[in-house]
Amino acid sequence: MADRLAVLLERFPVSAQVFHAGALCGINTLDVVDGMGQLHLVRRGPLEVSHAGSTVQITEPSLLLYPRPMAHRFSSDPQSGADMACANLRFEGGAANPLVGALPSFVCLPLQALHGVAPVLELLFEEAFEQRCGRQAMVDRLFEVVMIQVLRQLMERGELGSGMLAGLGHPRLRHAIVAMHGAPAKDWSLEDLAAAAGMSRSVFATTFRNVVGITPGQYLQGWRVALAQQALRRGRPLKVVASEVGYGSEAALSRVFKAHSGLSPRDWKRQAVAA
């Protein structure tokens with residue numbers, strides 16, 4: 001089976017940078033960091049987490065993921081506190097990164113529920129709480145490994161209501177989505193995608209919309225525009241990008257781009273650079 005995350009993470013990588021390791025005591029407020037999410041690992045609690053008008057009680061070692069910027073507050077015992085390792089997450093492309101839109105605004109998972117990641121967590125905590133040479137680089141990379149494990153877990157548990165990750169978690173739809181990710185310039189027909197999924201045309205179209213939330217054609221268009229946005233951000237000419245993402249001309253891509261994002265490629269790039 002094709003790797004469901006390989007192309008996605010290659011095209012739209014996620015990087016981590018640890019900013020805290022140790023005890024957090026009392027009340028600590030984390031403000032929004034422009035364009036960044038955050039990943040927190042609670043080694044020892046208890047801990048109360050508040051955000052967007054809701055509160056979550058953490059009573060066991062847990063992972064807390066905020067893929068999009070969101071202010072939140074930690075409340076713990078003023079003396080003993082809670083032992084935590086925290087990192088900022090940079091999703092390449094910011095809000096245009098497909099993973100950002102696919103993930104819930106907040107994810108809370110017990111660490112014991114992350115199958116196969118115990119050795120990584122053990123090493124991460126050991127490195128995070130010591131002052132060894134290369135510590136920052138080591139812990140940053142380990143946070144990125146944990147993030148990949150979270151994506152796996154969310155796909156495999158099938159608990160996401162809809163969207164890209166729900167589609168990648170589906171035993172048949174995943175094949176069609178991976179095919180679109182790997183060959184965005186191909187002139188995909190509904191029949192081609194249904195065949196990739198091993199389903200009839202009508203069943204595929206209905207199932208895709210029910211699981212992913214949009215039609216296969218809309219999904220392919222969104223993926224192509226996301227790739228075009230990434231290429232523009234990197235300074236590549238629109239004319240070259242158009243053929244790479246399946247459009248016969250710069251004008252054709254520009255029409256789709258504006259219909260999808262509300263801005264022309266030139267205006268979008270100007271706005272992205274200014275941000």
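Count residues from 1 along the sequence.
Seen from the ring of Phe204, Arg172 does not count as a face-on cation partner, given the 6.0 Å and 45° thresholds. Under the 6.0 Å distance and 45° angle rule, Arg43 counts as a cation-pi partner of Phe129.
Two residues are said to be in side-chain contact when any heavy atoms from C-beta on lie closer than 4.5 Å; Met84 and Leu41 fail this criterion. The shortest side-chain heavy-atom distance between Leu232 and Phe257 falls under the 4.5 Å cut-off. A heavy-atom distance below 4.5 Å is not found between the side chains of Leu64 and Val107. Ser254 has its side chain within reach of Pro265: a pair of non-hydrogen atoms, C-beta onward, lies under 4.5 Å apart. When side chains are defined from C-beta on, His51 does not count as touching Arg73, because their heavy atoms never get closer than 4.5 Å. Counting only heavy atoms from C-beta outward, the side chains of Pro216 and Leu193 approach each other to under 4.5 Å.
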For residues 14-22, dump all side-chain donor-acceptor pairs below 3.5 Å to protein atoms at least two apart in sequence or in another chain.
{"unit_1": "His20", "atom_1": "NE2", "unit_2": "Gly22", "atom_2": "O", "d": "3.2"}

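Shown are Arg141, Arg132, Gln136; of these, the side chain to side chain donor-acceptor pair (under 3.5 Å) with Glu127 is made only by Arg132.
Phe106 and Tyr66 have tilted rings, their planes meeting at an angle from 30° to 60° on a 0 to 90° scale.
Listed by chain and residue number, Ser249, Arg255 satisfy the side chain to side chain contact (heavy atoms under 4.5 Å, CB included) test with Ala251 (two or more places apart in sequence, or in another chain). Here Thr215 pairs with Gln218 under the side chain to side chain donor-acceptor pair (under 3.5 Å) rule; sequence neighbours left out.
Under the 4.5 Å side-chain heavy-atom criterion for Ile, Leu, Val, Met, Phe, Trp and Tyr, Leu5 and Phe12 are members of the same hydrophobic cluster.
Using a cutoff of 4.0 Å between basic side-chain nitrogens and carboxylate oxygens, Glu92 and Arg234 are scored as salt-bridged.
Within a 6.0 Å sphere centred on CZ of Arg90, heavy atoms belonging to other residues, nucleotides or ligands number 12 at most.
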